[in-house]
Amino acid sequence: MEKPVDIIDIKENERKLRKEAKKIIKQRTIEVLKRPTHLFMHEKNLIKIPEPKHPNHIVYAYYHNNQLTNIENLDLLYNVTHLHLQWNKITKIEGLEKLYNLKKLYLNNNRISVVENLETLRYLEELHIEKQNTESPDGLCFDPRTVISIGSSLRILNVSENKITDMAWVKPLRRLEVLIAKKNKLENVQAVADDLCTLTSLVDVNFTGNPMTRKHRYKETIIARCSQLRVLDTVVIHNTSKTFLQSFDKAVRLRQLNERNKLIMNRQGVDDFFDLNMLPGPRALSALSISEYSNQKPKLTAIDSTYTLSQRSIYRAHHAPSPRAGVAPPMEPPPLPKQPTVTSDSPPIKGILKKPMPIKYI
């Protein structure tokens, strides 16, 4: 009878332990839920960012619609992933070096002139920095170090209404998927297309409100050069039109390349080419000079087989051997050839008369 009593006691102890474990788990979950993960500091007319309470647990920080001029007291918010600083008076990006987990940064409607000091934000995915310096005539600038550092993670970028005139700075953003650049000062369609064609992940672009959108064949040029695009100015691009425009653009570019690289087929152009690149050998003749005596047109390539490719210094030091290089010079001048002497007593030579013929025989 002792064995069944022991089994019952063990089962009761297991039930008690399970109940206690459940109570501990509930208490911990309640404590976690009570921790503040959202920090709401918006629309409070703040001039300076105060030091936050419980900074370790904050994930979302809202500081928008205030009077902030500097970014400070955010070093302890190292777990923040979303930071809202829009609609303030911030003039410089700073104080974000220790926010290593930041993924989304909102800085629109401020007074920032340079995008900088974001080198430590290795996980930044979204950057909203539209409508900066609306009163200043200068456009928004981008620090190359910052662009290169965030290029491996940034997926969404909004730079609308910033008076931007070119898109050359966007090349390092190799992971960029969505680019919004509305109401800027972009005019050169071909230059913008060349800058965007290297971004293999870019699928959505919006350039509405720029001067280049009113130019002829604007959409055709962008679609033909950026093969990865799916949406242009909020309009979906069809696959049939994309393939046709890409093939047409390739044909046009190949034709322009051939015309640009075509050699001038005249004697002056060929002489200038060989004078700059190579020297004629001692026994070589120009293919063009040989073809002058034939009816066929000369066919020249970039390298002429009748020319040697020796350097100028080597060729000048090397002199062509003369045809009498192996013959020793004579010690004395050669004797003059003997001429026949004619005396008065010797008989006349046939065909020559001793006395002149009279005039009557002539």
Side-chain angles (χ1 to χ4, degrees), residues 36-143 145-147 149-150 153-165 169-170 173 176 178-185 206 209:
T37 57
H38 291 65
L39 179 60
F40 298 98
M41 300 295 292
H42 59 286
E43 297 180 359
K44 292 186 178 183
N45 293 324
L46 296 177
I47 302 174
K48 183 179 178 180
I49 298 176
E51 294 184 1
K53 297 179 180 179
H54 308 288
N56 301 338
H57 311 307
I58 296 172
V59 179
Y60 300 85
Y62 302 93
Y63 290 99
H64 56 276
N65 293 87
N66 285 297
Q67 303 295 325
L68 303 174
T69 56
N70 297 320
I71 303 175
E72 54 187 353
N73 296 329
L74 296 179
D75 297 340
L76 299 177
L77 300 176
Y78 51 82
N79 287 324
V80 168
T81 59
H82 296 64
L83 181 59
H84 295 258
L85 291 169
Q86 64 269 30
W87 291 101
N88 283 287
K89 298 179 181 179
I90 300 171
T91 57
K92 185 179 180 180
I93 301 176
E94 57 184 354
L96 303 176
E97 291 80 11
K98 295 185 179 180
L99 305 183
Y100 304 112
N101 296 319
L102 190 63
K103 294 182 178 180
K104 297 183 181 182
L105 179 59
Y106 297 85
L107 290 169
N108 49 295
N109 296 91
N110 280 287
R111 299 177 182 178
I112 299 169
S113 58
V114 182
V115 179
E116 57 184 349
N117 299 327
L118 300 178
E119 289 82 5
T120 58
L121 307 182
R122 299 295 182 180
Y123 300 101
L124 187 65
E125 297 179 358
E126 294 187 22
L127 177 59
H128 300 265
I129 195 165
E130 64 271 20
K131 296 182 182 180
Q132 303 294 327
N133 276 334
T134 55
E135 298 177 357
S136 175
D138 299 328
L140 185 66
C141 299
F142 295 83
D143 187 2
R145 295 170 296 181
T146 297
V147 177
S149 61
I150 65 177
S153 60
L154 194 66
R155 296 187 302 105
I156 300 174
L157 177 61
N158 191 343
V159 291
S160 301
E161 300 184 37
N162 283 321
K163 307 178 185 68
I164 297 174
T165 57
W169 51 269
V170 81
L173 302 177
L176 192 65
V178 179
L179 175 61
I180 305 171
K182 299 184 294 184
K183 296 182 180 180
N184 283 291
K185 295 183 179 180
N206 194 341

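Heavy atoms only: backbone and side chains are in, while hydrogens, waters and symmetry mates are out.
- Between the side chain of N101 and the backbone N or O of Y78 there is at least one donor-acceptor pair closer than 3.5 Å.
- Side chains of T91 and T69 form no contact here, defined as non-hydrogen atoms less than 4.5 Å apart.
- Under a 3.5 Å cut-off, the side chain of N88 and the backbone N or O of L46 do not form any donor-acceptor pair.
- Of the inter-residue distances, the one linking E97 atom CD with T120 atom OG1 reads 5.5 Å to the nearest 0.5 angstrom.
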For L96 and L83: C-alpha separation, side-chain torsions, deciding distance, then whether side chain to side chain contact (heavy atoms under 4.5 Å, CB included) applies.
CA-CA 10 Å; L96 303 176; L83 181 59; 3.7 Å; yes
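- Taking CG from N66 and CD from Q86, the interatomic distance works out to 10.0 Å, rounded to the nearest 0.5 Å.
- Taking the side chain as every heavy atom from C-beta outward, I49 and L68 approach each other to under 4.5 Å.
- Between E130 and H128, the closest heavy-atom pair is OE1-C, 3.4 Å.
- When all heavy atoms of N110 and W87 are compared, the closest pair comes out as ND2-N, 4.2 Å.
- Residues N73 and K48 form a side-chain contact, since some pair of their non-hydrogen atoms from C-beta on lies under 4.5 Å apart.
- Checked for salt-bridge contact, R155 and E125 meet the test: a charged N lies under 4.0 Å from a carboxylate O.
- Note on ring orientation: taking the six-membered ring where Trp is involved, the planes of H42 and F40 are perpendicular (angle over 60°, cut-offs 30° and 60°).
- Judged purely by atom type and a 3.5 angstrom limit, N158 has no side-chain atom pairing as donor or acceptor with the backbone of I129.
- With rounding to the nearest 0.5 Å, the separation of CG in N65 from CG in L85 is 11.5 Å.
- Looking only at distances, a side-chain donor or acceptor of K163 sits under 3.5 Å from a matching main-chain atom of S136.
- In K183, the NZ atom is not crowded: 12 or fewer heavy atoms of neighbouring residues, nucleotides or ligands sit closer than 6.0 Å.
- One N or O on the side chain of N79 and one on the backbone of N56 form a donor-acceptor pair closer than 3.5 Å.
- At distances below 3.5 Å, at least one donor-acceptor pair connects side-chain atoms of S153 with backbone N or O atoms of L124.
- A heavy-atom distance below 4.5 Å is not found between the side chains of E126 and V178.
- When all heavy atoms are compared, the tightest approach of L76 to P55 is O-CB, 3.6 Å.
- The two residues M41 and P50 have their closest heavy-atom pair at CE-CG, 3.7 Å.
- How far CD1 of I90 is from CG of N109: 11.0 Å, rounded to the nearest 0.5 Å.
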Evaluation steps, side chain to side chain contact (heavy atoms under 4.5 Å, CB included), between N117 and K92
CA-CA 9 Å; N117 299 327; K92 185 179 180 180; 4.0 Å; yes
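- For the atom pair CZ (F142) and CG (L157), the distance works out to 6.0 Å, reported to the nearest 0.5 Å.
- Minimum heavy-atom separation, L118 to S149: O-OG, 3.8 Å.
- Distance CD1/I93 to CG/L121: 9.5 Å, rounded to 0.5 Å.
- Residue pairs meeting the salt bridge (Lys or Arg N to Asp or Glu O under 4.0 Å) criterion with at least one partner in residues 108-118, sequence neighbours excluded, are absent.
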Run the numbers on W169 and V159 for side chain to side chain contact (heavy atoms under 4.5 Å, CB included), then give the verdict.
CA-CA 12 Å; W169 51 269; V159 291; 4.3 Å; yes
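- Between H54 and H57, the ring planes are parallel. Angles under 30° get that label, and only those over 60° would be called perpendicular.
- For the pair K89/Q67, a side-chain contact is recorded, criterion being any heavy-atom separation below 4.5 Å from C-beta on.
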Side chain to side chain contact (heavy atoms under 4.5 Å, CB included) evaluation trace for R122 with Y100
CA-CA 7 Å; R122 299 295 182 180; Y100 304 112; over 6 Å; no
